[in-house]
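Start at 1 and go down the list; that is how both ligands and their atoms are numbered.
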Amino acid sequence: MSDIAVFTAIQRLIQGCGSLNQLADEVDRLGSRKIMLVTDPGLVKAGIAERVLNLLQGREIEMFADVEPDPSIETVIVCAERVRASRCDLIIGLGGGSALDTAKCAAVMVNNPGDVEAYLGIDKVVNPGVPKILIPTTAGTGSEVTNVAVLSLKAQHTKKGIVSRHLLADTAILDPELTLGLPAFTTAATGMDALTHAIEAYVSRFAQPLTDDFALKAIRMIGENLRTAVFYGQNIAAREAMLSASLYAGLAFGSAATGMVHGLAMPLGGQFNIAHGIANAVLLPHVMRWNLVAALPRYRDIAIALGEPVEGLSLRAAAERAIAAVESLSRDIGIPVHLDDLDVPRSAMDPLARDGMTNFRQTRPNPRDVTYEGLMDILDRAFLPEA
Ligand SMILES: [Fe+2]
């Protein structure tokens with residue numbers, strides 16, 4: 001673990017059932033004259049976008065509702081162009097990680113010249129963007145509190161991130177009532193994304209006391225609540241716990257970073273159009289198994305946070321219980337087990353491992369030194385054994 005700890009967080013966080021009603025006050029506090037609501041077609045159909053528009057009646061507001069899953073650079077360009085042309089001075093991002101990441105990127109692109117590609121990587125964004133309020137409607141990405149946005153590079157069939165303090169929201173509003181309507185599959189996938197954030201942050205080389213506390217709390221809450229949120233979607237206590245867990249996981253990985261689950265899930269999602277949470281969930285136990293030997297005590301802590309009985313077990317056996325706990329959670333909530341189940345061919349292993357090696361935001365914090373051979377080993381185990 002690193003000796004010098006840098007923790008980054010957003011300025012203002014509003015949480016709780018009904019907290020969406022604070023939106024107008026927040027808009028006024030930020031002194032906006034014209035607002036752009038950035039969201040996706042599903043939230044328009046579900047009536048949630050309209051709820052937001054109604055809360056802001058009497059104010060000048062436009063809507064960009066064309067965010068697709070795994071948003072492309074092109075979508076950010078179009079969205080930023082709309083913000084610029086309509087002279088909006090505040091962006092509200094409403095949705096899952098895709099809508100929030102689009103909103104974050106569009107907000108900075110308004111005030112930064114050139115191509116979006118030029119800002120991929122760490123701290124390349126020079127100027128602050130227009131202010132933004134982020135409202136998550138899924139419990140998983142933690143995007144509302146992080147300085148990261150992940151975009152799809154269609155031509156290269158992969159995803160890459162922009163990391164910048166200018167991506168941090170001015171305000172995040174977390175209202176668990178907005179997540180009540182999430183289908184079971186999305187609840188499962190996004191919940192496993194949050195669990196991956198928390199586990200990767202906890203074993204990260206950049207972990208620090210603050211991120212450790214957030215990560216372990218998130219792991220415990222997800223272990224205790226994700227099954228209920230998936231199978232009893234109207235259970236507001238489980239929804240509230242999952243939204244908080246996603247927030248804590250976001251606060252953890254926002255400063256401690258993620259590791260090779262994300263490092264491989266980005267090319268996997270980009271090449272095969274697999275939902276981010278599912279790509280993570282399938283890879284998670286295999287990356288944990290490979291990393292285990294580099295951070296045994298940390299994996300034992302994770303096992304304990306997931307409610308595994310470890311008393312009397314050796315350190316190694318206790319650490320392995322963390323993997324078993326993750327596998328049984330995944331199985332219970334219907335996550336596919338192997339990459340074969342996602343129609344990924346074995347021939348994809350080499351390009352996935354090669355791309356994974358280039359993702360320095362994940363290779364550097366990963367607890368075990370990352371090698372091409374190691375990534376091939378992880379991927380090999382993620383497929384059904386060869387006959
Ligand atoms: Fe993620």
Side-chain angles (χ1 to χ4, degrees), residues 8 67 69-71 93 95-102 104-105 120 122 134 136-153 158-163 167 172 179 182 185-204 206-207 211 214-215 218-219 221-222 226 242-243 245-288 291 326 329-330 333 335 342 352 355-356 359-363 365-366:
T8 308
V67 179
D70 305 314
S98 300
L100 302 192
D101 284 1
T102 303
K104 287 158 77 169
C105 291
L120 293 170
I122 298 174
L134 300 181
T137 60
T138 64
T141 67
S143 178
E144 68 276 9
V145 289
T146 67
N147 57 354
V148 185
V150 177
L151 298 175
S152 291
L153 280 67
T158 192
K159 297 179 185 180
K160 297 285 172 192
I162 298 178
V163 182
L167 290 180
T179 67
L182 273 183
F185 175 80
T186 314
T187 305
T190 50
M192 289 305 288
D193 185 26
L195 180 64
T196 309
H197 294 153
I199 290 177
E200 297 216 283
Y202 191 67
V203 300
S204 166
F206 304 153
T211 60
F214 282 124
I219 293 167
M221 289 170 84
I222 294 166
L226 182 53
M242 281 307 301
L243 193 58
S246 166
L247 161 71
Y248 298 144
L251 288 169
F253 92 88
S255 295
T258 54
M260 286 320 293
V261 181
H262 275 77
L264 288 171
M266 287 198 296
L268 186 60
Q271 287 181 35
F272 297 98
N273 231 345
I274 297 166
H276 175 65
I278 298 294
N280 277 335
V282 172
L283 293 166
L284 180 58
H286 306 291
V287 174
M288 288 173 78
N291 278 339
V326 166
L329 175 58
S330 258
I333 60 174
I335 301 281
L342 301 170
L352 288 172
D355 190 303
N359 291 327
F360 300 116
R361 285 196 307 116
Q362 283 83 29
T363 57
N366 193 73

(message) So Met192 and Val282, do their side chains get closer than 4.5 Å, heavy atoms only?
(response) no
(request) Inspect the surroundings of CZ in Phe185 and state if more than 12 heavy atoms from other residues, nucleotides or ligands are less than 6.0 Å away. (result) no
(message) Could you tell me if the side chain of Glu200 sits less than 4.5 Å from the side chain of Phe253, heavy atoms only?
(response) no
(message) Between Ile162 and Leu167, is there a side-chain heavy-atom distance shorter than 4.5 Å?
(response) yes
(request) Quick one: do His262 and His276 satisfy side chain to side chain contact (heavy atoms under 4.5 Å, CB included)? Show the steps, please. (result) CA-CA 9 Å; His262 275 77; His276 175 65; 3.1 Å; yes
(request) Quick one: name the protein N/O/S atoms under 2.8 Å from the Fe ion (ligand 1), chain by chain. (result) Asp193 OD1, His197 NE2, His262 NE2, His276 NE2
(message) Under 4.0 Å between a side-chain nitrogen and a carboxylate oxygen: does that hold for Asp101 and Lys159?
(response) no
